[in-house]
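Here the structure comes first, spelled out in structure tokens, and everything after it is commentary.
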Amino acid sequence: MFQRVATQVSEATGGEQTPWIASSLASDGSLNGPVSRTAIAALTFAASDNPIVALHSRGILPKDSSEQYEITFWDSIKDSNYPSDYEAYLKAYPNGRFATLAHARIDRLRAAASGSAPSTSPSATTSAAPLVAPAVAPAQQAARPTPPASAAPQGHPHAAVPPPTASTAPPGAPSTPAVAQKPATHAPSAGESRDCATCPIMIALPAGAFSMGSSTDDPSEKPLHHVTIGAPFAIGKYEVTVEQWNACAAANACQKLTPENNTNKATPARDLSWDDAQQYVKWLSKTTGKPYRLPTEAEWEYADRGGTTTAYWWGDQMRKGNANCKDCGDPWHKEGPEAAGSFAPNPVGLYDMNGNVWEWVADCWHNSYQGAPTDGHAWDSPSCDMRVIRGGSWREGGSYMLSATRFKYSASVRQSQDGFRVVKDLK
């Protein structure tokens with residue numbers, strides 16, 4: 001590749017520029033091994049059979065190749081049982097290399113659904129822009145028990161163990177996994193608030209400062225930079241649940257969720273686009289008279305870290321029981337996320353900031369933090385169609401649960417692993 005580039009540069013400049021190459025490789029190099037987004041990608045530069053250089057990443061490096069976008073997208077949905085995931089692929093790549101297979105999968109899934117029960121599948125919304133899907137889409141959601149009707153009306157589930165506070169769980173301190181198999185609904189605890197019976201429970205966070213990003217080999221997380229959150233804000237204790245989303249849908253302010261995503265009202269609402277999330281926060285603001293919105297990316301990471309500086313909020317090593325992911329410990333089901341609050345909270349009492357579903361934030365996607373705001377505000381751009389998602393989902397491995405992990409998705413396309421939580425400005 002280097003030789004060909006050097007030759008092309010020399011020819012293009014009429015010999016005025018003559019690149020030179022220095023290499024210690026004794027023979028031609030090759031890239032060996034598949035790259036998977038569901039595991040740590042290992043790109044091995046090899047001469048003959050002996051590896052020379054191994055480059056490791058989480059597989060979320062920004063790619064400029066439209067071909068790589070398409071392949072990554074297809075890999076993320078190829079095992080899905082949702083027709084809408086294949087429709088999203090066809091929106092982005094109507095003449096793509098997997099288009100015929102996508103049509104066949106849609107036909108087969110619809111035929112299977114019509115043979116058992118009526119099925120409604122949302123089509124992706126208007127965007128047909130190339131995008132990178134965050135992970136493998138799930139199989140059809142399996143029904144799990146819903147909180148009892150006698151519980152407090154339409155609240156969020158708690159874990160069985162009370163959440164630690166900033167005073168009882170200092171930043172960076174180890175956290176004992178608190179896994180609750182049967183979350184129950186509760187009213188807000190001390191220091192929490194809820195503006196209506198079907199509104200999210202909110203936790204107030206103070207103004208503060210932190211270091212955002214990381215010094216890993218992922219350029220999208222660089223440069224590590226100091227951010228100051230100048231005003232306090234409240235953030236959802238949990239991701240917005242199916243039950244809460246249904247209140248917006250009942251008011252005809254939000255689209256209805258697909259039946260397969262609606263089996264457990266305590267699970268996070270998902271298969272939602274950034275545009276869908278905007279409809280919800282608009283409805284919530286109008287209903288309560290309070291300024292609700294999506295968190296900025298800086299607010300999200302500030303809240304996720306909870307005062308910690310380690311790779312994960314619970315430490316520098318993966319530890320089971322702190323997040324819902326495929327190698328994060330039970331409970332875990334490949335079919336879909338667990339009920340909100342089934343795992344341990346972070347140091348400020350927030351649940352499922354990592355795992356369960358990817359969470360939309362307000363910011364437009366940028367390939368790095370070069371030039372990013374340092375005051376905690378959203379980083380927007382004119383005509384932005386790619387937005388940031390944070391936190392990973394139940395289908396990713398532990399390497400996606402890091403506090404700095406970020407990814408992008410088309411703002412108008414629905415995907416079965418994408419959800420959100422809300423923020424409220426505090427006067």
Side-chain angles (χ1 to χ4, degrees), residues 37 60 62-64 66 68-70 72-77 80 82-96 98-99 102-103 106 120-138 220 239-240 242 245 248-249 252-258 260-261 268-285 292-297 300 357-367 378-391 393 406-423:
R37 287 203 54 257
I60 59 173
K63 305 293 185 183
D64 294 326
S66 59
Q68 184 61 48
Y69 277 139
E70 182 184 357
T72 305
F73 192 133
W74 180 258
D75 284 345
S76 77
I77 66 168
S80 175
Y82 290 103
S84 60
D85 285 339
Y86 299 103
E87 290 168 349
Y89 167 80
L90 292 171
K91 281 280 187 180
Y93 303 100
N95 300 310
F98 306 108
H103 283 295
I106 291 172
T120 303
S121 299
S123 61
T125 47
T126 55
S127 173
L131 55 97
V132 179
V136 178
S220 75
E239 295 152 330
V240 171
V242 168
W245 181 270
C248 180
N252 295 320
C254 296
Q255 58 100 15
K256 292 184 178 180
L257 297 173
T258 52
E260 60 265 31
N261 290 342
R270 58 194 180 91
D271 204 7
L272 299 171
S273 69
W274 187 88
D275 294 335
D276 293 331
Q278 294 299 319
Q279 290 182 343
Y280 180 84
V281 294
K282 181 179 179 180
W283 168 79
L284 191 59
S285 297
Y292 282 92
R293 55 180 173 82
L294 288 180
T296 69
E297 188 173 12
W300 190 96
V357 295
W358 286 94
E359 298 181 18
W360 289 107
V361 295
D363 301 48
C364 186
W365 171 262
H366 296 80
N367 284 344
W379 192 8
D380 219 336
S381 299
S383 304
C384 175
D385 64 351
M386 283 286 179
R387 296 285 173 174
V388 179
I389 50 177
R390 297 296 301 256
S393 81
R406 58 196 300 260
F407 207 68
K408 59 183 174 180
Y409 212 81
S410 179
S412 59
V413 172
R414 295 168 186 151
Q415 210 269 358
S416 56
Q417 292 165 257
D418 295 348
F420 67 100
R421 75 179 67 218
V422 297
V423 153

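All heavy atoms count here, side chains included; hydrogens, waters and symmetry mates do not.
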query: Are Arg387 and Val361 close enough that some pair of their side-chain heavy atoms sits under 4.5 Å apart?
result: no

- request: Check for a donor-acceptor pair, side chain of Ser285 on one end and backbone N or O of Tyr292 on the other, with a separation under 3.5 Å.
  value: yes

statement: In terms of heavy-atom contacts, Ser393 and Gln417 come closest through OG-NE2, 2.6 Å

Interatomic distance, Asp380 atom CG to Thr296 atom OG1 [nearest 0.5 angstrom]: 11.5 Å

Taking every non-hydrogen atom, the tightest pair across Asp85 and Ser80: OD2-OG, 2.8 Å

- prompt: Could you walk me through whether Trp300 and Trp360 pass the side-chain contact (heavy atoms from CB on, under 4.5 Å) check?
  reply: CA-CA 10 Å; Trp300 190 96; Trp360 289 107; over 6 Å; no

message: Checking Val413 against Ser273 for the side-chain contact (heavy atoms from CB on, under 4.5 Å) test, could you report, in this order, the C-alpha distance in whole Å, the side-chain angles of both residues, the deciding distance, and whether it holds?
response: CA-CA 5 Å; Val413 172; Ser273 69; 5.8 Å; no

Full working for ring pair (Phe, Tyr, Trp, His ring centres under 6.0 Å) between Tyr409 and Trp274: CA-CA 9 Å; Tyr409 212 81; Trp274 187 88; over 10 Å; no

- request: Fit a plane to each ring of Tyr280 and Trp245, take the angle between them on a 0 to 90° scale, and name the class: parallel (under 30°), tilted (30 to 60°) or perpendicular (over 60°).
  value: parallel

field: Check against side-chain contact (heavy atoms from CB on, under 4.5 Å), Ser84 and Thr258
entry: CA-CA 10 Å; Ser84 60; Thr258 52; 5.6 Å; no

message: Nearest 0.5 angstrom please: Ile389 CD1 to Phe407 CZ, how far?
response: 6.5 Å

statement: Of all heavy-atom pairs linking Arg406 and Ser220, the shortest is NH1-O, 2.8 Å

- request: Check the pair Glu359, Leu294 against side-chain contact (heavy atoms from CB on, under 4.5 Å), reporting the backbone distance first and the verdict last.
  value: CA-CA 9 Å; Glu359 298 181 18; Leu294 288 180; over 6 Å; no

- prompt: Parallel, tilted or perpendicular: which fits the ring planes of Tyr89 and Trp74, with parallel below 30° and perpendicular above 60°?
  reply: perpendicular

- prompt: What closest approach, in Å, do Ala249 and Gln255 show between heavy atoms, and which atom pair accounts for it?
  reply: CB-O, 4.1 Å

Nearest-0.5 Å distance that lies between atom SG in Cys254 and atom CG in Asp276: 7.5 Å

message: Ignoring hydrogens, what is the shortest heavy-atom contact between Val388 and Glu297? Give both atom names and the distance.
response: CG1-OE2, 3.4 Å

task: Over all heavy atoms of both residues, which pair between Glu87 and Ile106 is shortest? Give the atoms and the distance, please.
output: CG-CD1, 3.7 Å

- request: Can you measure from CZ (Arg414) to CZ (Arg270) and round to the nearest 0.5 angstrom?
  value: 14.0 Å

